[in-house]
Chemist: 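First the structure, then my questions, so here it is.
Just so it is clear, the model here is predicted, and its values are computed rather than measured. First listed ligand is number 1; within each ligand, the first listed atom is number 1. For this chain, numbers begin at 1 and follow the sequence in order.
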Amino acid sequence: MKKGWLIVNGYLKSKKFDEIYAWLLKAAEEAECELRILENDRLDSILPADSSKVNWREKPDFVIFWDKDVKLARLLEAEGFRVFNSADAIETCDDKSLTFIKLKNTDIKMPKTYCAPMTFEKEYSDYTFVLQVEGSLGYPMIIKENKGSFGEQVYKVEDYYEAVEQIKKIGGCDFIMQEYIESSKGQDVRIHVVGNEIVTAMKRVNKNDFRVNITNGGSMEKYQPTKEQCEMALKVCEKLGLDFAGVDIMFGKNGEPVLCEVNSNAHFKNIYDCTGVNVAEKIIDYILKKIN
Ligand SMILES: Nc1ncnc2c1ncn2[C@@H]1O[C@H](COP(=O)(O)OP(=O)(O)O)[C@@H](O)[C@H]1O
Ligand SMILES: [Mg+2]
């Protein structure tokens, strides 16, 4: 019987996350594999400093890393564990500026994007950079914290003054400034990829907000993705080295796919409710095939 660890964040306690873990545990049980949940703060259970304490018979055949604690993922990889997704892939997806940088100069279409300049100060003493980017991005402009989810750290600003005010509010977090894709206002497509295959997709819509996140009031619709959207989702996962992901794609002016973001730990309860496809089962099946 194959053994795996499911690494999760010990400080994220909510039903939404517990549900995800339960789905993965159930899928593992059905595939007759032993999956043990471990929180990232259980340092001595995961990687004891004294390696003589490691019971190698207990060592898992694989690790599902359902967290963003990239250093821990790297440590596990350094110890020879097979980690899904890899530390590199998680790090790239968890930082929207890194996703942009890694995919720049490829044929993946993304909104025009600038990374905010780094400062040693607590707050910028000079906002000239906003004047510099507004010429090519225009307004409304999207400001996004590099690390954020559920649409909660994504802002639309209407002019220079709002931009500066928003940047002050962000208060020192890294961010990007991005072209607003008006043609995709309140709609996008979420495509789940597992092991180079499209497993399911849905359209998300929100009539009251440009952000489509379900947590933010968006709703889901059954949707058959186009060939171009599917190709984009697969190519993105290949380029970022993802074993599985939820790829979010917007609609360009002529309906062409424009990449919004990539989620290395995409939640799968909503997509199940919408499509009946159990992504957790696909992930477990894929991992078991991969390690055999
Ligand atoms: N450049 C953009 N133009 C138009 N809408 C955007 C843009 N970027 C993000 N959005 C909207 O905001 C939502 C949240 O942004 P996203 O980058 O996916 O952050 P999060 O990680 O919080 O989900 C997207 O699903 C999309 O609806
Ligand atoms: Mg998103």
Chemist: Flag I142 as yes when one of its N or O atoms lies below 3.5 Å from any N or O atom of ligand 1, and as no otherwise.
Modeler: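 In fact, backbone or side chain, I142 has no N or O that close.
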Chemist: Does a sphere of radius 6.0 Å around OH in Y161 hold more than 12 heavy atoms from other residues, nucleotides or ligands, not counting ones at 6.0 Å or beyond?
Modeler: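 Incorrect, the count does not exceed 12.
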Chemist: Which heavy atom of the protein is the closest neighbour of atom 24 (C) of ligand 1, given with residue, atom name and distance?
Modeler: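 The protein heavy atom lying closest is C260 SG, 3.7 Å.
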Chemist: Do any nitrogen or oxygen atoms of K144 come within less than 3.5 Å of a nitrogen or oxygen of ligand 1?
Modeler: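 Yes, there is a polar N/O contact under 3.5 Å.
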Chemist: Specify the protein heavy atom at minimum distance from atom 20 (P) of ligand 1: its residue, its atom name, and the distance to 0.1 Å.
Modeler: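 The closest heavy atom on the protein side is E261 OE2, 3.5 Å.
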Chemist: Would E182 count as a contact residue for ligand 1, given that I'm defining contact as a non-hydrogen atom of the residue lying under 4.0 Å from a ligand atom?
Modeler: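 No heavy atom of E182 comes that close to ligand 1.
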Chemist: List ligand 1 atoms under 4.0 Å from N213, heavy atoms only on the residue side.
Modeler: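 Near N213, meaning under 4.0 Å from one of its heavy atoms, ligand 1 has 13 (C), 14 (C), 23 (O), 25 (O).
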Chemist: Quick check on M250 - does any of its heavy atoms sit under 4.0 Å from an atom of ligand 1?
Modeler: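 Distance cut 4.0 Å: M250 passes for ligand 1.
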Chemist: Could you list the atoms of ligand 1 found under 4.0 angstrom from a heavy atom of D188?
Modeler: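 Counting from 1, the qualifying ligand atoms are 25 (O).
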Chemist: Can an N or O of G148 be found at a distance shorter than 3.5 Å from an N or O of ligand 1?
Modeler: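 Between G148 and ligand 1 (N or O atoms, distance only) the closest approach is under 3.5 Å.
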Chemist: When you compare ligand 1 with E179, is there at least one nitrogen or oxygen pair between them that comes in under 3.5 angstrom?
Modeler: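 Checking ligand 1 against E179, an N or O pair does fall under 3.5 Å apart.
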Chemist: Quick check with a 6.0 Å cut-off and a 45 degree axis cone: is K156 positioned over the face of Y180's six-membered ring?
Modeler: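 Yes, a cation-pi geometry holds between K156 and Y180.
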Chemist: Checking K16 against F150: charged group under 6.0 Å from the ring centre and within 45 degrees of the axis?
Modeler: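 Judged by the rule (NZ or CZ under 6.0 Å from the ring centre, within 45° of its axis), K16 counts as positioned above F150.
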Chemist: Of all the N, O or S atoms in E261, which one sits nearest to the Mg ion (ligand 2)?
Modeler: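 Distance check against the Mg ion (ligand 2) picks out OE2 in E261.
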Chemist: Give the residue, atom name and distance (to 0.1 Å) of the protein heavy atom nearest atom 22 (O) of ligand 1.
Modeler: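 For atom 22 (O) of ligand 1, the nearest protein heavy atom is G151 N, 2.6 Å.
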Chemist: Counting only heavy atoms closer than 4.0 Å, does ligand 1 sit against the backbone of I181, its side chain, both, or neither?
Modeler: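 For I181, the contact with ligand 1 is made by both the backbone and the side chain.
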